[in-house]
Amino acid sequence: MGHPKEIIGDIPNGTKIFSKKLAKTDRDFQLIVPERVFEQFAIENGSYERDFTAFDAGGRKWEFILAIRQTGSYDKPVLRPCKWHEFVVAHGLSGDDAEYGVVFYKDDNDNGKLQVRGLKKNHSPLFGKAIWEKV
């Protein structure tokens, strides 16, 4: 079973890194990422950030920066706002009119290329389960 905050299940022909519902901070500033993401995107000792690339459904390349938030008593990963906020705006994930989410996954049909998709919650659940649609 996935992380308790995961909003979608398995990805057909893909390996999910994580998915989450976007909170106001995620939409307006920086994406707070689950700590377990460090297992797949390690940051070198002595460094506080690393770049990585993901592609959206249209094939657009997004250069994100995964960083360690330097407050508190434990490491907290975030995506820096520079490119993350640009992604949110480009995919219309910032309105208060709906619930939005994001999923990062590796595409098994494309040599494990990292993918990112914006999601919008459909308020007509299927069999009582929330449906998150790609935007």
Side-chain angles (χ1 to χ4, degrees):
M1 180 148 197
H3 189 269
K5 293 190 179 199
E6 294 284 346
I7 58 173
I8 63 172
D10 294 334
I11 304 286
N13 301 311
T15 304
K16 182 173 55 175
I17 306 299
F18 77 95
S19 66
K20 80 175 274 193
K21 178 180 168 185
L22 299 179
K24 185 165 178 54
T25 298
D26 297 319
R27 293 189 323 259
D28 295 346
F29 187 56
Q30 62 189 2
L31 178 65
I32 299 171
V33 178
E35 190 173 342
R36 64 185 171 73
V37 169
F38 283 141
E39 296 168 9
Q40 297 205 22
F41 296 100
I43 294 177
E44 294 179 22
N45 287 339
S47 180
Y48 291 99
E49 61 185 38
R50 69 164 287 191
D51 298 345
F52 72 95
T53 301
F55 295 85
D56 67 16
R60 181 174 175 186
K61 182 178 179 179
W62 293 90
E63 300 287 340
F64 294 111
I65 301 170
L66 177 65
I68 299 171
R69 191 170 65 189
Q70 300 175 25
T71 59
S73 58
Y74 59 94
D75 293 342
K76 185 68 176 174
V78 297
L79 291 189
R80 293 251 191 247
C82 50
K83 283 294 182 181
W84 169 248
H85 188 67
E86 186 180 332
F87 177 84
V88 168
V89 171
H91 290 86
L93 304 176
S94 59
D96 288 330
D97 60 327
E99 293 181 77
Y100 297 99
V102 67
V103 61
F104 283 86
Y105 67 96
K106 291 183 181 176
D107 186 342
D108 295 341
N109 292 331
D110 197 3
N111 295 320
K113 187 189 293 186
L114 190 62
Q115 303 290 314
V116 59
R117 301 292 185 269
L119 305 169
K120 182 177 180 181
K121 187 175 182 181
N122 182 329
H123 288 285
S124 299
L126 181 63
F127 302 114
K129 292 193 114 182
I131 303 295
W132 290 87
E133 300 172 339
K134 295 175 187 172
V135 292

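Just the heavy atoms: all of them, side chains too, but no hydrogens, waters or symmetry mates, feed the values below.
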Path from Val37 to Leu79 over hydrophobic side-chain contacts below 4.5 Å: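 Yes.
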Joint hydrophobic cluster, Val116 plus Phe52, side-chain heavy atoms closer than 4.5 Å: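 They do share one cluster, since a chain of ILVMFWY contacts under 4.5 Å joins Val116 to Phe52.
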Phe41 and Val33: CA distance, side-chain angles, deciding distance, side-chain contact (heavy atoms from CB on, under 4.5 Å) verdict: CA-CA 11 Å; Phe41 296 100; Val33 178; over 6 Å; no
To the nearest 0.5 Å, tell me how far [X] [atom1] sits from [Y] [atom2].
X	Y	atom1	atom2	answer
Thr53	Glu63	OG1	CD	3.5 Å
Phe64	Arg50	CZ	CZ	13.5 Å
Ile131	Ile7	CD1	CD1	11.5 Å
Leu22	Leu31	CG	CG	6.5 Å
Glu99	Asn122	CD	CG	11.0 Å
Trp132	Ile8	CH2	CD1	10.0 Å

With sequence neighbours left out, what residues match [X] under side-chain hydrogen bond (donor to acceptor under 3.5 Å, both in side chains)?
X	result
Lys120	none
Lys134	none
Thr25	none

Parallel, tilted or perpendicular, as decided by the 30° and 60° cut-offs, for the rings of Trp84 and Phe104: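 Phe104 vs Trp84 ring planes: tilted.
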Who pairs with [X] by side chain to side chain contact (heavy atoms under 4.5 Å, CB included), at least two apart in sequence or on another chain?
X	result
Asp97	Tyr100
Asp28	Lys24
Ala23	Asp26
Phe29	Pro81

Go through the structure and list residues passing salt bridge (Lys or Arg N to Asp or Glu O under 4.0 Å) with [X], not counting sequence neighbours.
X	value
Lys76	none
Arg117	none
Asp96	Arg27
Asp108	none

Residues, nucleotides or ligands: over 12 heavy atoms within 6.0 Å of Phe38 CZ: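 Counting other residues, nucleotides and ligands, CZ of Phe38 exceeds 12 neighbours.
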Contact check, side chains of Tyr105 and Thr15, non-hydrogen atoms, under 4.5 Å: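 Tyr105 does not reach Thr15 side chain to side chain.
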Backbone of Val88 reached by a side-chain donor or acceptor of Ser94 within 3.5 Å: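 No, Ser94 side chain to Val88 backbone: no donor-acceptor pair under 3.5 Å.
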Distance-only polar pair, side chains of Asp56 and Trp62, donor-acceptor under 3.5 Å: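 Yes, a side-chain donor-acceptor pair sits under 3.5 Å.
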So that I can tick it off, tell me whether [Y] and [X] are bridged by a salt bridge, with the cut-off set at under 4.0 angstrom between side-chain N and carboxylate O.
X	Y	answer
Glu6	Lys16	yes
Lys83	Glu86	yes
Glu49	Arg80	yes

Working for side-chain contact (heavy atoms from CB on, under 4.5 Å), residues Ser19 and Val102: CA-CA 5 Å; Ser19 66; Val102 67; over 6 Å; no
Side-chain cluster (under 4.5 Å, hydrophobic types only) that Val78 belongs to, other residues: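 Under the 4.5 Å side-chain rule, Val78 groups with Ile32.
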